[in-house]
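Counting convention: from 1, in listed order, for ligands and their atoms alike.
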Amino acid sequence: MEKTSKIWMDGGFVDWDDAKVHVLAHGLNYGTGVFEGIRVYETSDGLAIFRLKEHVKRLLDGCKVMCFDLPYTAEEVTEAIKETVRINKKVDYVKPCVFLCGEAVGLNPINVPVKFTITAIYLGSYLGKEAQEKGATLITSSWFRPWNLASPAGAKVNGIYVTSCLAKREAVTRGANEAVMLNAQGNVAECSGENIFIYKRGKLYTPKTADSILEGITRNSIMEIASDLGYDVIETEISRIDMYTADEVFMTGTAAEITNATKIDDRIIGDGKPGKVGRELADKYADVVRGKDPRYEKWLDRL
Ligand code: PPE
């Protein structure tokens, strides 16, 4: 990954190489942080940040869940993210991160100072161009998605990503692009960094939020776009067998956008090519994020 010029840190900009924290940072040792991933797109009218309001809301909700006392309002966070995009050249992805950062050993998070950083980078294609265009290969991970009883699964908490990293490692070492994690009930939860949808018997299905998923903003966008296109979208439990026997399976995420899955655990999905509905939604999403459909202009924050 290439360095960009400036990173926003606690109220001002520092050079990329100076954005450092102490080795005893609580967030580093215990995973006490929340973060976001936000895309920036080029439109015919300049750069636009996609669903910034919802990402800021989820970040602040995560702070609430973790009892972090972030000394910035939603408006200030929004402005800081925009400034970070403006000050850096050629960026398409922004990662704000709020984490505990005191120089002390001990789990008690109360009164440990909060740090807030915003990094803008050029990410490009997250799962690779080939997977995005021709379809991705998935495996079911031996690691389960941390569930609601044991973790704040619905918040984007840094520490929870240990499981995602292990699942992703499993996928990559087995030659796959992504890993599906099941939940405590053995149903499909989500991938290491994406939500999942299946298309079966003419309807779209996606796991519900109580199934220990992160409530993805792309998931929400696709639910709305698909309904507008006339599809029924149902939030429900999805078993591993439902997934294997679906006509289509696709993943949604800010980084991965809409990526069709064509093979899961050695089973070919549908006819082994990105399906018609998945492709239609991927194409529509690509237009929406670039401001080519006025109906969804409400989701763009122009710089
Ligand atoms: N589930 C998980 C576990 C997840 O990390 C993401 C985002 C999603 C679902 C989709 O959420 P949304 O982006 O709001 O549609 N994963 C981020 C990538 C993580 C990384 O840092 O790498 C992302 O897509 O930005």
Discussion item. Please evaluate residues Phe197 and Tyr205 with respect to the criterion ring pair (Phe, Tyr, Trp, His ring centres under 6.0 Å), reporting the C-alpha separation (whole Å), side-chain torsions for both, the decisive distance (0.1 Å), and the verdict.
Written reply: CA-CA 6 Å; Phe197 283 75; Tyr205 299 89; over 10 Å; no
Discussion item. Show me which atoms of ligand 1 lie under 4.0 Å from any heavy atom of Thr254.
Written reply: 12 (P), 13 (O), 14 (O), 15 (O), 23 (C), 24 (O), 25 (O)
Worksheet, complete the sentence: Note: ligand 1 atoms sitting under 4.0 Å from heavy atoms of Tyr161 are 2 (C), 3 (C), 4 (C), 5 (O)
Fill in: ILVMFWY cluster, Ile87 and Ile7 together (side-chain gap under 4.5 Å)
no
Discussion item. Counting only nitrogen or oxygen atoms and a 3.5 angstrom limit, does Glu190 reach ligand 1?
Written reply: yes
Practice prompt. Check each atom of ligand 1 against the heavy atoms of Ser192 and keep those under 4.0 Å away; list them by number with element.
Written response: 3 (C)
Worksheet item: Taking only heavy atoms of Gly216, which atoms of ligand 1 are found under 4.0 Å from at least one of them?
Response: 11 (O), 12 (P), 14 (O), 15 (O)
Worksheet entry | Ring centres under 6.0 angstrom apart (Phe116, Tyr72) | yes
Discussion item. For the residue pair Thr259 / Glu194, report whether a side-chain donor-acceptor contact shorter than 3.5 Å exists.
Written reply: no
Item to complete: Measure the distances from the heavy atoms of Arg58 to every atom of ligand 1 and state whether one is below 4.0 angstrom.
Response: yes
Worksheet item: Got a sec: does the CD of Glu215 have more than 12 other heavy atoms crowding it under 6.0 Å?
Response: no
Worksheet item: Does atom NZ of Lys57 have more than 12 heavy-atom neighbours, drawn from other residues, nucleotides or ligands, at distances under 6.0 Å?
Response: no
Discussion item. Under 3.5 Å between any N/O of Lys156 and any N/O of ligand 1: does that happen in this structure?
Written reply: yes
Fill in: Pair Glu190, Asn195: side-chain N/O donor-acceptor within cut-off below 3.5 Å
yes
Discussion item. Does ligand 1 come near enough to Tyr126 that some N or O of the ligand is less than 3.5 Å from an N or O of the residue?
Written reply: yes
Worksheet entry | Per-atom contacts, ligand 1 versus Ala255 - under 4.0 Å to a heavy atom | 23 (C), 24 (O), 25 (O)
Worksheet, complete the sentence: the protein heavy atom lying closest to atom 21 (O) of ligand 1 turns out to be Phe35 CE1, 3.8 Å
Discussion item. Among all the protein's non-hydrogen atoms, which is closest to atom 10 (C) of ligand 1, and how far away is it?
Written reply: Asn195 OD1, 3.6 Å
Fill in: Modelled atom types, side-chain donor and acceptor of Glu178 and Tyr126, under 3.5 Å
no
Worksheet item: Short N/O distance, under 3.5 Å, between Thr218 and ligand 1?
Response: yes
Worksheet item: Considering distance alone, does some N or O of Tyr93 sit under 3.5 Å from an N or O of ligand 1?
Response: yes
Discussion item. Out of Cys165, Gly193, Ala167, Cys191, who is nearest to atom 6 (C) of ligand 1 when you count heavy atoms only?
Written reply: Gly193
Worksheet item: Judging by distance only, is a nitrogen or oxygen of Thr252 under 3.5 angstrom from one on ligand 1?
Response: no
Discussion item. Under a 4.0 Å threshold between the charged nitrogen and the carboxylate oxygen, would Glu224 count as salt-bridged to Arg219?
Written reply: no
Worksheet item: Say you draw a straight line from OG1 of Thr43 to CZ of Arg290; how long is it, rounded to the nearest 0.5 Å?
Response: 10.5 Å
